[in-house]
Participant: 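Sharing a structure here in structure tokens format.
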Amino acid sequence: MRGSIAAAVIGLLPTLAMAAPEAPGFKIPVVVKKLPNGLTVVVSEDHSAPTFGMSTAFHIGFRLEPKGRTGFAHLFEHMMFEGTPVAPKGTLTRVIEGGGGVLNGSTRNDYTNYIASAPVSALDAILWLEADRMKQTRLLR
């Protein structure tokens with residue numbers, strides 16, 4: 001798992017905000033920290049609404065697949081929604097959507113990402129479930 005995760009938590013999707021030009025006198029708060037396990041965490045706090053946005057990205061995408069043998073990254077994306085021994089299939093979806101949130105995943109050229117947006121009251125449970133999913137990916141190596 002070390003070095004395989006690009007970013008874990010992106011509060012209110014600051015990567016999109018960082019790409020946009022800033023208005024004069026307007027600064028978007030962004031904090032980046034690399035944890036001892038190799039996980040990079042990017043946080044941009046905005047307390048104007050009681051919600052959060054999160055993106056979890058893994059360094060696995062189409063570009064890394066063997067020539068003539070494609071689809072592994074996309075399969076990996078779908079496998080991450082199959083649950084874990086601790087949180088069976090559907091648990092993550094029920095926690096996020098049950099509180100009015102949304103989730104999705106996508107596979108790109110260089111990475112696979114999972115996004116979620118939900119009320120702040122669900123943040124601890126969702127972070128725990130994401131950590132459980134990441135822990136289980138170690139079994140894939």
Participant: For residues 51-70, which residue pairs pass the salt bridge (charged side-chain N to carboxylate O under 4.0 Å, His left out) check, not counting sequence neighbours?
Facilitator: Arg63-Asp110

Participant: Under a 4.5 Å side-chain heavy-atom rule over Ile, Leu, Val, Met, Phe, Trp and Tyr, are Leu35 and Val31 clustered together?
Facilitator: no

Participant: Taking all non-hydrogen atoms of both residues into account, name the closest pair between Pro29 and Ser44 and its distance.
Facilitator: O-OG, 2.6 Å

Participant: For the backbone of Thr107 and the side chain of Glu77, can you confirm whether one donor and one acceptor N or O come within less than 3.5 Å of each other?
Facilitator: yes

Participant: Would you name the heavy atoms of Ser106 and Arg108 that are closest together and state the gap between them?
Facilitator: OG-NE, 3.4 Å

Participant: Answer yes if Ile28 and Val32 sit in the same cluster of Ile, Leu, Val, Met, Phe, Trp and Tyr residues linked by side chain heavy atoms under 4.5 Å apart, and no otherwise.
Facilitator: yes

Participant: Mind checking the CE-CG spacing from Met54 to Leu123? Nearest 0.5 Å is all I need.
Facilitator: 7.5 Å

Participant: Linking I/L/V/M/F/W/Y whenever their side-chain heavy atoms sit closer than 4.5 Å, directly or via other members, would Phe62 and Phe76 fall into one cluster?
Facilitator: no

Participant: Taking atom CD1 of Ile60 and atom CZ of Phe72, what is their separation to the nearest 0.5 Å?
Facilitator: 10.0 Å

Participant: Calculate, to the nearest 0.5 Å, the distance between atoms OH and CG belonging to Tyr114 and Asn104 respectively.
Facilitator: 10.5 Å

Participant: What distance do Asp46 atom CG and Thr51 atom OG1 have between them, rounded to the nearest 0.5 Å?
Facilitator: 8.0 Å

Participant: Given 3.5 Å as the limit, does a donor-acceptor pair link the side chain of Thr112 with the main chain of Gly61, or not?
Facilitator: no

Participant: Restricting to non-hydrogen atoms, name the atom on Ile96 and the atom on Ser117 that form the minimum distance, rounded to 0.1 Å.
Facilitator: CG2-O, 4.1 Å

Participant: Strictly distance-based, threshold 3.5 Å: is any side-chain N or O of Thr93 a donor or acceptor partner for the main-chain N or O of Gly90?
Facilitator: no

Participant: Tell me, do Met80 and Leu92 make a side-chain contact under 4.5 Å, heavy atoms counted?
Facilitator: no

Participant: Around atom CG of Asp124, are there more than 12 heavy atoms from other residues, nucleotides or ligands closer than 6.0 Å?
Facilitator: no

Participant: Shortest non-hydrogen contact from Thr84 to Arg133?
Facilitator: CG2-CA, 4.2 Å

Participant: Are side-chain heavy atoms of Trp128 and Val86 found at a separation under 4.5 Å?
Facilitator: yes

Participant: Could you report the tightest heavy-atom contact between Phe52 and Val120, atom names first, then the distance?
Facilitator: CD2-CA, 4.0 Å

Participant: Could you report the tightest heavy-atom contact between Gly105 and Phe81, atom names first, then the distance?
Facilitator: N-CZ, 4.1 Å

Participant: I want to check something: taking the side chain as every heavy atom from C-beta on, are Met134 and Leu39 in contact at a cut-off of under 4.5 Å?
Facilitator: yes

